[in-house]
Protein chains: 2
Amino acid sequence: MQNLSKNQQIIFDLIDKSNEPMKAYAILFNVQKKGIKAPLQVYRALDKLVEIGKIHKIESRNAFIACQNSSCQVSKATAFSICESCEKVTEINNSSLSKYLSNFKDRAGMKYSKYNLEFFGLCKKCITK
Amino acid sequence: MQNLSKNQQIIFDLIDKSNEPMKAYAILFNVQKKGIKAPLQVYRALDKLVEIGKIHKIESRNAFIACQNSSCQVSKATAFSICESCEKVTEINNSSLSKYLSNFKDRAGMKYSKYNLEFFGLCKKCITK
DNA sequence: ATTTAAATTGTTATAATATAACACTCTGTA
DNA sequence: TACAGAGTGTTATATTATAACAATTTAAAT
Ligand SMILES: [Zn+2]
Ligand SMILES: [Zn+2]
Ligand SMILES: [Zn+2]
Ligand SMILES: [Zn+2]
């Protein structure tokens, strides 16, 4: 596991300490005082962090969260639950699920190397509201 | 199943006869000769078509395909395979998979009402290249 | 230590994706 | 025929993401 570069570290630290997914331009705004001034600097760091599995992109939200699953070094098998009311996102770490999906074969004969799953619903808090 | 409005029908027909996912602005370009001139007209039709399950959004590609699964009237349980080489997208219609995912419960106690799954890999054609 | 290639950074400009706000029109139904 | 809800048309703008180019840093290979 290589070390992160300066920009990568700054941006990872920010996302990691956030308790919700962060959007690219919110990240940019937050790191401007650290000298990162342009969108591209943010996107490049995000690309790399996604590639090495330190963060994941929540595709339906165009937002990024730190990996909450220590075994998930590379972003090849990701699953999330998303509350449609409060937008809380949690990475699902369930070995039955990941085993089922990693072994899934469709009749089309495709060779899968990666998947991303997003569940939507209401979190515990929001159900009772 | 209500009828589609004029714009909805034009845009659905275009997506339905396409054999690949279409992006919003590609759709816009293609329907301009039919009098649909502004992005918002396209996005509004897309929103509705997604809502009633006639099309699905491929989140990782920001593109839309017609539902290929007659039983999928509403977009609450969707799964796709995506070739990372040729970008071919296919809707997966597998009752074992949909049963497994629809019944999936995480320990967090969330109530799921919807999911979207995207598999990535190489299609049959592209494996042999 | 010097060379070299790969990765990273900095910068400006621009492309691509999506929504806000407002006025008007159509459609079905009471 | 009045009414409500859905749909349309339009302009402007917000949000998300990449192109292109030059310079610098890093880590390995000689
Ligand atoms: Zn993870
Ligand atoms: Zn919630
Ligand atoms: Zn479908
Ligand atoms: Zn292919």
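What you see is a predicted model, and the numbers here were worked out from it, not measured in a lab. Chain identifiers are assigned alphabetically (A, B, ...) following the order of the sequence lines, protein sequences preceding nucleic acid strands; residue numbering begins at 1 within each chain.
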Under-4.0 Å side-chain N/O to phosphate OP1/OP2 contact, A:N62 with D:dT15: no

Of A:R61 and B:A45, the one whose closest DNA chain D nucleotide lies more 5': B:A45

Separation of C:dG10 C1' from A:I10 CD1 (nearest whole Å): 13 Å

Nearest-angstrom distance from the residue atom CD of A:Q8 to P of C:dA6: 18 Å

d(CG, A:D47; P, C:dA6) in whole Å: 20 Å

Nearest-neighbour nucleotide for the A:Y43 side chain, D:dA17, C:dT17, C:dC22 considered: D:dA17

Short side-chain donor-acceptor distance under 3.5 Å, A:S60 and B:E59: no

Those residues of residues 16-41 of chain B lying under 4.0 Å from DNA chain D by at least one heavy atom: B:K37, B:A38, B:L40, B:Q41

Rounded distance in Å - CD (B:Q9) to P (D:dT8): 11 Å

Side-chain donor/acceptor of B:Q41 to backbone N/O of B:A38, under 3.5 Å: yes

Carboxylate-amine/guanidinium proximity below 4.0 Å for B:E84 and A:K114: yes

Any B:K6 side-chain N or O less than 4.0 Å from OP1/OP2 of D:dG9: yes

Ion pair check, A:K88 and A:E20, cut-off under 4.0 Å: no

N/O (side chain, B:K48) to phosphate O (OP1/OP2, D:dA6) under 4.0 Å: no

Rounded distance (Å) that lies between atom P of D:dA17 and atom CD of A:E59: 9 Å

C:dG10 phosphate, OP1 or OP2, under 4.0 Å from A:N7 side-chain N/O: yes

Atom-pair distance (CZ on A:R44; C1' on D:dT18), nearest Å: 10 Å

Nearest-Å distance for atom pair CD1/C1', residues B:I52 and D:dA6: 13 Å

Check: A:H56 ring centroid to A:F64 ring centroid under 6.0 Å: no

Interatomic spacing from NZ in A:K105 to CZ in B:F119 - rounded to 0.5 Å: 9.5 Å

Derivation of the side-chain contact (heavy atoms from CB on, under 4.5 Å) call for A:D106 and A:Y112: CA-CA 9 Å; A:D106 195 25; A:Y112 298 134; 3.4 Å; yes

Side-chain N or O of B:S5 closer than 4.0 Å to phosphate OP1/OP2 of D:dA6: no

